[in-house]
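One structure, as structure tokens, below. Some questions next.
Ligands are counted one by one from 1 in listed order, and the atoms in each one are counted from 1 as well. One is the number of the first residue; the rest follow in order along the sequence.
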Amino acid sequence: MKFDKNNTNNMTNKPANKIQDLQFFGEFGGVNPSVSDSSTFTFQSAKTMFDMFEGNAEGCYLYARHTTPSCLYLGQALAAMEGTETANVSASGMGSITSVLMQLCTANDHVVSSRTIYGGTYAFLKNFAPKININTSFVDITNLESVEDAITPKTTVLYCESISNPLLEVADIPSLAKLAKKHNLKLVVDNTFSPLSISPKELGADIVIHSLTKFINGSSDTVGGVVCGTQEMIDSLRSVIDGAAMLFGATMDSIRASSILKNLRTLHIRIKQHSLNAMYLAQKFENDGVKTVYPGLKSHPSHTIFKSMMNSEYGFGGMMTIDVGNLEKANGLMELMQKENLGYLAVSLGFYKTLFSAPGSSTSSEIPEDEQRKMGLTDGLIRFSIGLDNDIERTYNKMKECMQKIGVIS
Ligand code: PLP
């Protein structure tokens, strides 16, 4: 990966350093913090317990659905990574997304959201939130004029993904932050596809969300989520009176929090390798005449915007798509690649092996077909989460053979 001297983020923003600079000690001097294996916590005085319910007992633990020391350690590391005051971890990415939206919106509020977002988030905003009179306008997030046109006096939230699932559209976060400020909205950015590479808070976002299930945990053995934001926002999510995180109860278990924290420490090494491998394959596929979308390619419509926002040492990330023309070819190619042990035909991302799926019939199937067409989500699209392969040239040669067999390239 080349060092981009015009990118000032290079010099200042090394989020992996901020994770590494944290120092934890376990109960007996262990190098990992001890796991708090309790669902409830004692109080030496009844008065302190009362104060806790009133929100006035700083540093005390009450009940594991509120938070635990292990969840706080993980939250602290993720807040350091994103440069926010603090963070709250939850049982899944959707647990974080739904609690943030429910905390920020009340009945009759309006959300402006990118139309290319994870299918579950889309389904929540499109089908569930209207039940409580929260309505959403879905817009092309790369068209700032249409974003501003969709804002009404009832709008409270502007929602997007830094790199969208599955189309890999890039949100111009600094410009969206300006719009949000102008109209007094909260800019909420799901940064699941680009941890370390993009730091949305540094670029002006108010709240940053991740599905920890993906790159951050990196071993496809759990679901998890995080909301990174101000102390005030996180306190409101955890409020025993009206906090969406506390009351909806999507709580992360302490043992899981502890294992995700251990995996987080190698994130910078993994992301660099995911990025190198994805860049290599994207360039090769594009040269072979395959329709390839990857933010690191000059042909990507938002390549320059991504470059201006990125912390360049971590690269353009591990996600890419190719379009092989139709669903039959897409399915044939994915089945063959799995047979050849080039990865798994599976949803999700951020694993050490390459994962591939056809989003139109899987992770984005919640989006009606006509809307999929409007946003450019075609039947032949395959989404790849490129793995940590040690010999990416060998992988490319084998993938090319598969593509030739299926008739994607000659
Ligand atoms: N955000 C993005 C961009 C995703 O891709 C996903 C899941 O695929 C989610 C959020 C939801 O996360 P989880 O599955 O951890 O609830």
message: For a quick check under 3.5 Å, do R256 and N217 share a side-chain donor-acceptor pair by atom type?
response: no
query: Partners of K214 by side chain to side chain contact (heavy atoms under 4.5 Å, CB included), sequence neighbours excluded?
result: T192, S211, S348, L349
Between the protein and ligand 1, are there any N or O atom pairs that come within less than 3.5 Å of each other, and if so, what are their names and distances?
{"unit_1": "ligand 1", "atom_1": "1 (N)", "unit_2": "D190", "atom_2": "OD2", "d": "2.6"}
{"unit_1": "ligand 1", "atom_1": "5 (O)", "unit_2": "N165", "atom_2": "ND2", "d": "2.9"}
{"unit_1": "ligand 1", "atom_1": "8 (O)", "unit_2": "K214", "atom_2": "NZ", "d": "2.7"}
{"unit_1": "ligand 1", "atom_1": "12 (O)", "unit_2": "S211", "atom_2": "OG", "d": "3.1"}
{"unit_1": "ligand 1", "atom_1": "15 (O)", "unit_2": "G93", "atom_2": "N", "d": "2.8"}
{"unit_1": "ligand 1", "atom_1": "15 (O)", "unit_2": "S211", "atom_2": "OG", "d": "2.8"}
{"unit_1": "ligand 1", "atom_1": "15 (O)", "unit_2": "T213", "atom_2": "OG1", "d": "2.6"}
{"unit_1": "ligand 1", "atom_1": "16 (O)", "unit_2": "G93", "atom_2": "N", "d": "3.0"}
{"unit_1": "ligand 1", "atom_1": "16 (O)", "unit_2": "M94", "atom_2": "N", "d": "2.8"}

field: Residue list, side chain to side chain contact (heavy atoms under 4.5 Å, CB included) with S34, at least two apart or on another chain
entry: E27
task: Heavy atoms only: give me the nearest G95-A250 pair and the separation to one decimal.
output: CA-CB, 3.8 Å
query: Judged by modelled atom types alone, do S199 and N311 share a side-chain donor-acceptor pair under 3.5 Å?
result: yes
Set of side chain to side chain contact (heavy atoms under 4.5 Å, CB included) partners for P368, sequence neighbours left out: Y122, D370, E371
